[in-house]
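See below for the structure under consideration.
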Amino acid sequence: MDIQTSKEAKATVVTLSGRMDAVTAPEFETAIKQLIEDGNIVFVVDFAGLDYISSAGLRSLLATAKLLKAKNGQIHFANIVGTVKEVFDISGFGSIFQIHESVATALAQIA
Amino acid sequence: MIKVEHLSKKFGDVTVLNDISTTISKGEVISIIGPSGTGKSTFLRCLNLLEHPSSGSIIIDGVDLLDRRTNVPKIRQKMNMVFQSFNLFAHLTALDNLTLGQIRLLGMGKDEAARKSLDLLRLVGLAEKADAFPDELSGGQKQRVAIARCLAMEPEIILFDEPTSALDPTMVSEVLAVIRRLAKDGMTMLIVTHEMDFARDVSSRVFFMEEGGIYEEGTPQQIFEQPMREKTRAFINRVRSFHCSISSPDYDLYAMNAEIEIFCERQILPKRIGQKLLLLVEELLHLHQPLLSTETVEFKISHSEKHGTLEIVAESSGDEYNPISLTNTPDELGLNIITAMTETINYQRFEGKNRVLLVLGEK
Ligand SMILES: Nc1ncnc2c1ncn2[C@@H]1O[C@H](COP(=O)(O)OP(=O)(O)O)[C@@H](O)[C@H]1O
């Protein structure tokens, strides 16, 4: 899995590509933890390039959200499609997380 | 014991079996595999005279089957057959299905027949169902009764015609276990089957049928690992299942994924199905994680073109442990994914192992 980050005015955009599985999910958690330590607490995660997610990935997303909640932070997801969307739907993640069509719409909604 | 020479069978103008010659010795277990429509069933049915060969000869222990003076019922008792569709008598209990032939054909007394039949039902694990009628039994149980009924005729040879093809995938293993046991006891058997792993580990010899004949034969090792002829190779490549055994919590997920991808390519499965397979295997591995530091988990993936399904079996050694029980999983995420993506998910404690079976449709 490849993780790219870029700073926008109101949030840090994290762009994922490849596979988020038992091997790579911990890499995601570590990366976000580092960003939080550096003072970032509002995130938009772009899933457009991600073509696989397993429950290990879902657990990392939940852990990250929990971490951010404790810091009064926010996490938004964008571009959930294909098999990733299928897994999100099965797991009811659509109702737990704030999901947006694109990174732009996500950014527009962040106050 | 069985000597077949130049056996041919035509239906009208269509030649289904073309000049088959082979010899089968006592105690051999022969699996007959091959694509549909290549005459596997017809071959068995000819041996049992359910079909009359067009030419050639079949000699059983020196008796020529095609000699008009041969006692056909006697031959069928000595070389009994188990069918795909069980063929039990619906109006008789399991026990009476067995005793009927013993009394009528073997001339046994009622009490003796009942005693022997009950022993045979016990052998196939169904003594408690002696008084049940066929429609009160599951498919797997019906087939086990049918095997017991076959044994009740004290046969020296058993012919199995796709004994598990009509069964729900969850019931296949109980029937195969009974046949394995007969093999261990030295019964001579010919088995037409689509269960390749079973054929591989139960047989002494494998016949690959194609073009109306025994196109290639050999030990399971020869046929499944080093098939010599082109059509055998093509067939084996298509049906070969994926096996892998994991015995450390630090397993190499990507090495396993790569092998599964090769398997999917060989099976010509759509990419989407391949993705699902990878996901299901990863989730299954996760559910088995607590076992991996002490036990070995065997994974097997097989593709049934016939049923349009993929089967994933994870079998673990050690004490009874149900990896798909909610009490053993920290959260429901993995289990939810598996349940949503499969047609069947079940756990069985079977022959001292924990066995999780998933069945995935190809659509
Ligand atoms: N009673 C029959 N009349 C006409 N054709 C038959 C009959 N039984 C089988 N066949 C034909 O013989 C061929 C071989 O059938 P079968 O022995 O059932 O093949 P397999 O068991 O390898 O699938 C098939 O083409 C089938 O249609």
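Reminder, nothing fancy here: chain letters follow the sequence lines and each chain counts from 1.
- A:V23 and B:Y254 get closest at one heavy-atom pair: CB-OH, 3.7 Å.
- Ranked by heavy-atom pairs shorter than 4.5 Å toward chain B, the options A:D89, A:D21, A:V87 are led by A:D21.
- Looking at B:E283, the atoms closer than 4.5 Å to chain A (heavy atoms on both sides) all sit in the side chain, from C-beta outward.
- B:E282 places a side-chain N or O within 3.5 Å of a backbone atom of A:A22 that can act as its donor or acceptor partner.
- Neither the backbone nor the side chain of B:L335 comes within less than 4.5 Å of any heavy atom in chain A.
- Looking at B:N257, only its side chain comes within 4.5 Å of chain A, counting heavy atoms on both sides.
- The 12-atom threshold is exceeded at CG of B:N346, counting heavy atoms of other residues, nucleotides or ligands nearer than 6.0 Å.
- Shown here for B:L333 and A:F93, the closest heavy-atom pair between the two residues is CD2-CE1, 4.0 Å.
- You'll find the side chain of A:L58 stays beyond 4.5 Å of the side chain of B:D331, heavy atoms only.
- Residue A:F88 does not touch chain B at all, counting heavy-atom pairs closer than 4.5 Å.
- Residue A:I90 forms a side-chain contact (heavy atoms from CB on, under 4.5 Å) with just one option from B:I338, B:N336, B:T339, and that option is B:N336.
- Looking at B:L253, the atoms closer than 4.5 Å to chain A (heavy atoms on both sides) all sit in the side chain, from C-beta outward.
- Between B:K276 and A:E86 there is a side-chain heavy-atom pair separated by less than 4.5 Å.
- For NZ of A:K71, the number of neighbouring non-hydrogen atoms (other residues, nucleotides, ligands) closer than 6.0 Å is 12 at most.
- Residues satisfying the side chain to side chain donor-acceptor pair (under 3.5 Å) test with A:T83, not counting sequence neighbours, are none.
- For A:L62, the part lying under 4.5 angstrom from a heavy atom of chain B is the side chain only.
- Within 6.0 Å of atom CD in B:Q226, more than 12 heavy atoms from other residues, nucleotides or ligands are found, so the atom counts as buried in its surroundings.
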